[in-house]
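After the structure tokens below, expect a handful of questions from me.
We name chains A, B, ... by the order of the sequence lines, and we start the count at 1 in each one. Reckoned from all heavy atoms, side chains included, excluding hydrogens, waters and symmetry mates.
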Amino acid sequence: MDVEYKGKDTIIHNLKDFDLGQTMECGQCFHFQKIDDDEYGMSAYGKFLHAAQKDDKLYLFDTTKEEFEKIWCHYFDLDRDYGEIKSFLLKEDEKLREAVEKMWGVRILNQEFFETLISFIISQNKQIPHIKQIVARISHDYGKYQGSVGGIDFYGFPTPQQLSQADIDALRECKTGFRAPYIYNAVEFVNNEIIKEENLRKCGVDECREQLMKIKGVGMKVANCVSLFGLGYREAFPVDVWIKRIMQSLYFDGKEHSNAEIESYGVEHFGKYGGYAQQYLFYYGKSEKIGLKNKTN
DNA sequence: TTCCAGGCCCGGG
DNA sequence: CCCGGGCATGGA
């Protein structure tokens, strides 16, 4: 990977194991819009980014060297060697190969803790396009305007302080439905420092999940997603309906197993890179509709 | 119209 | 521990 700073743009050359479209669309993140093929607008860490990929070059428009080094390099997980991750996962596991090869360019984004927490509380019983709508609405109503591309305005996800301006009714106005009190509860936990990001990052994934699950509306799955996507715990293995179907199909001979059984299998089998395996499997299984009764594609 | 979505809470076996 | 019902909202 070589970085070039050209005019107002940052261009990354010789990218390996990176595909912008796959990384944005694989279901880990909800605060972005597709502008065109391989071209996206997104928001993270208080900044708006207009990015596009052509072959092994990634263009970050209007991005300074400082911003790339401080934010986007880490955000896209570019400082990590995915070749090593893939060979670790594929060693002694041929069942994962097809998923990794098809979804070869997925990177696990390092997202902000608070946004990830609220986003995955919203995600329960919702489809990804709906989640994106709600995240955009909350950002529009409570966050700060950041920029615009392709006629779409981008607003930063509100800070815990900004979102504390919203009461439960106001959160319902954002179409969060029965999740409104959950979000309210989570904002209180953060603002009152009942949970602290710094501590969650240090305490280990088990303790981390336990603390997150004290928030009403946060169960095992959401806690695992927040640990993986928002707190850097790459060993976390979230089990949702898709992972359940895919794992049963690939590793359990199609037989029914509980979420807890599937998670402990994933944790044991994939170890420190469980989160990567999970994301390859999730995206692959969902796009191929693996384990679904009527495959309509 | 009916069904279901990157689940979770709650009550009852 | 392991069910099942209920839950807001919107798209298929």
Side-chain angles (χ1 to χ4, degrees), chain A residues 22-32 99 103 106 108-109 111 115-138 141 166-186 189 209-231 233-234 236-250 255-264 266-267 274-297:
Chain A
Q22 288 183 356
T23 298
M24 300 318 291
E25 306 282 0
C26 72
Q28 60 180 321
C29 133
F30 310 104
H31 204 158
F32 69 92
M103 304 312 175
V106 168
I108 301 241
L109 299 171
Q111 302 181 61
E115 173 167 350
T116 309
L117 173 61
I118 303 301
S119 297
F120 277 93
I121 289 174
I122 293 166
S123 78
Q124 62 185 261
N125 237 70
K126 279 228 161 288
Q127 299 185 118
I128 291 170
H130 300 159
I131 305 166
K132 286 177 66 182
Q133 282 176 23
I134 296 171
V135 168
R137 173 69 186 268
I138 289 177
D141 286 7
D167 60 18
I168 294 181
D169 282 336
L171 291 167
R172 284 214 179 86
E173 288 292 303
C174 299
K175 309 298 180 190
T176 53
F178 64 84
R179 306 158 194 80
Y182 300 164
I183 296 168
Y184 188 84
N185 185 221
F189 265 60
R209 272 188 310 235
E210 206 170 301
Q211 286 198 37
L212 288 172
M213 281 164 45
K214 288 194 225 155
I215 301 168
K216 186 177 282 202
V218 177
M220 198 54 151
K221 191 271 174 181
V222 170
N224 268 320
C225 283
V226 176
S227 300
L228 171 59
F229 301 126
L231 292 165
Y233 287 107
R234 296 301 208 246
F237 192 84
V239 178
D240 70 327
V241 288
W242 283 104
I243 285 294
K244 182 178 162 76
R245 286 196 280 256
I246 297 151
M247 291 290 286
Q248 282 173 179
S249 165
L250 284 183
K255 292 198 187 75
E256 180 68 25
H257 285 263
S258 73
N259 287 19
E261 285 176 305
I262 290 169
E263 183 183 342
S264 57
V267 166
Y276 298 100
Q278 192 270 2
Q279 200 56 31
Y280 288 124
L281 285 169
F282 173 81
Y283 191 26
Y284 169 71
K286 202 159 110 71
S287 60
E288 305 280 320
K289 302 183 189 308
I290 290 179
L292 270 188
K293 301 277 189 229
N294 27 348
K295 301 187 182 184
T296 49
N297 60 329

For this session: Would you classify A/F229 as touching base, sugar-phosphate or nothing, given that sugar-phosphate means primed atoms plus P, OP1 and OP2, and contacts are heavy atoms under 4.0 Å?
Result: base
Exercise. Where is the tightest heavy-atom contact between A/Y284 and A/M103, given as atom of each residue plus distance?
Worked result: CA-CE, 3.6 Å
Exercise. Going by heavy atoms closer than 4.0 Å, what residues in residues 123-134 of chain A are next to DNA chain B?
Worked result: A/S123, A/Q124, A/N125, A/K126, A/Q127, A/I128
For this session: Determine the contact category for A/K221: base if any of its heavy atoms lies under 4.0 Å from a base atom, sugar-phosphate if only primed atoms, P, OP1 or OP2 are that close, otherwise nothing.
Result: base
Exercise. What pair of heavy atoms forms the shortest contact from A/P238 to A/Q278, and how long is it?
Worked result: O-NE2, 2.9 Å
Seminar exercise, completed: Here the distance between atom P of B/dA5 and atom CZ of A/F178, to the nearest Å, is 13 Å
Exercise. Is the aromatic ring centre of A/F282 closer than 5.5 Å to the centre of the six-membered base ring of B/dG6, with the two planes inclined by less than 30°?
Worked result: yes
Exercise. What distance, rounded to whole Å, do you find between the two C1' atoms, one in B/dG6 and one in C/dC3?
Worked result: 22 Å
For this session: Salt-bridge test for A/E256 and A/K244: reply yes if a basic N is under 4.0 Å from a carboxylate O, no otherwise.
Result: yes
Exercise. If you look at every strand shown and take non-hydrogen atoms under 4.0 Å, does A/V239 touch a base, only sugar-phosphate, or nothing?
Worked result: nothing
For this session: Could you check how far CG of A/N185 sits from P of B/dC8, rounded to whole Å?
Result: 14 Å
Problem set entry | Non-hydrogen side-chain atoms of A/Q279 and A/F282 separated by less than 4.5 Å | yes
Problem set entry | Atom pair distance, as rounded to whole Å: NZ in A/K214 and C1' in B/dC8 | 18 Å
Problem set entry | Residue whose closest nucleotide on DNA chain B lies nearer the 5' end, A/I215 versus A/I243 | A/I243
Exercise. Has the side chain of A/R234 got a donor or acceptor atom that lies under 3.5 Å from a matching backbone atom of A/G275?
Worked result: no
For this session: Could you measure between the two P atoms, the one in B/dC4 and the one in C/dG5, and give it in whole Å?
Result: 13 Å
Problem set entry | Interatomic distance, A/R179 CZ vs C/dC7 P [rounded to whole Å] | 13 Å
Problem set entry | Nucleotide C/dC1, atom C1' - distance to CD of A/E263 in whole Å | 16 Å
Seminar exercise, completed: A/V222 has its side chain closest, among B/dG6, C/dG10, B/dC8, to B/dC8
Exercise. CZ of A/F237 versus C1' of B/dG6: gap in Å, rounded?
Worked result: 13 Å
Exercise. Do you see a donor-acceptor pair shorter than 3.5 Å between the side chains of A/E263 and A/N224?
Worked result: yes
For this session: For B/dC10, take OP1 and OP2 only and decide whether either is under 4.0 Å from a side-chain N or O of A/K216.
Result: yes
Exercise. Hey, does A/F120 have a side-chain heavy atom less than 4.5 Å from the side chain of A/K221?
Worked result: yes
Problem set entry | Rounded distance in Å - CZ (A/F120) to P (B/dA5) | 17 Å
Problem set entry | Nearest-Å distance for atom pair CE/C1', residues A/M213 and B/dC8 | 10 Å
Exercise. So does A/K216 have more than 12 non-hydrogen atoms from other groups sitting under 6.0 Å from NZ?
Worked result: no
Exercise. Reckon A/G219 touches a base, only the sugar-phosphate, or nothing at all at heavy-atom distances under 4.0 Å?
Worked result: sugar-phosphate
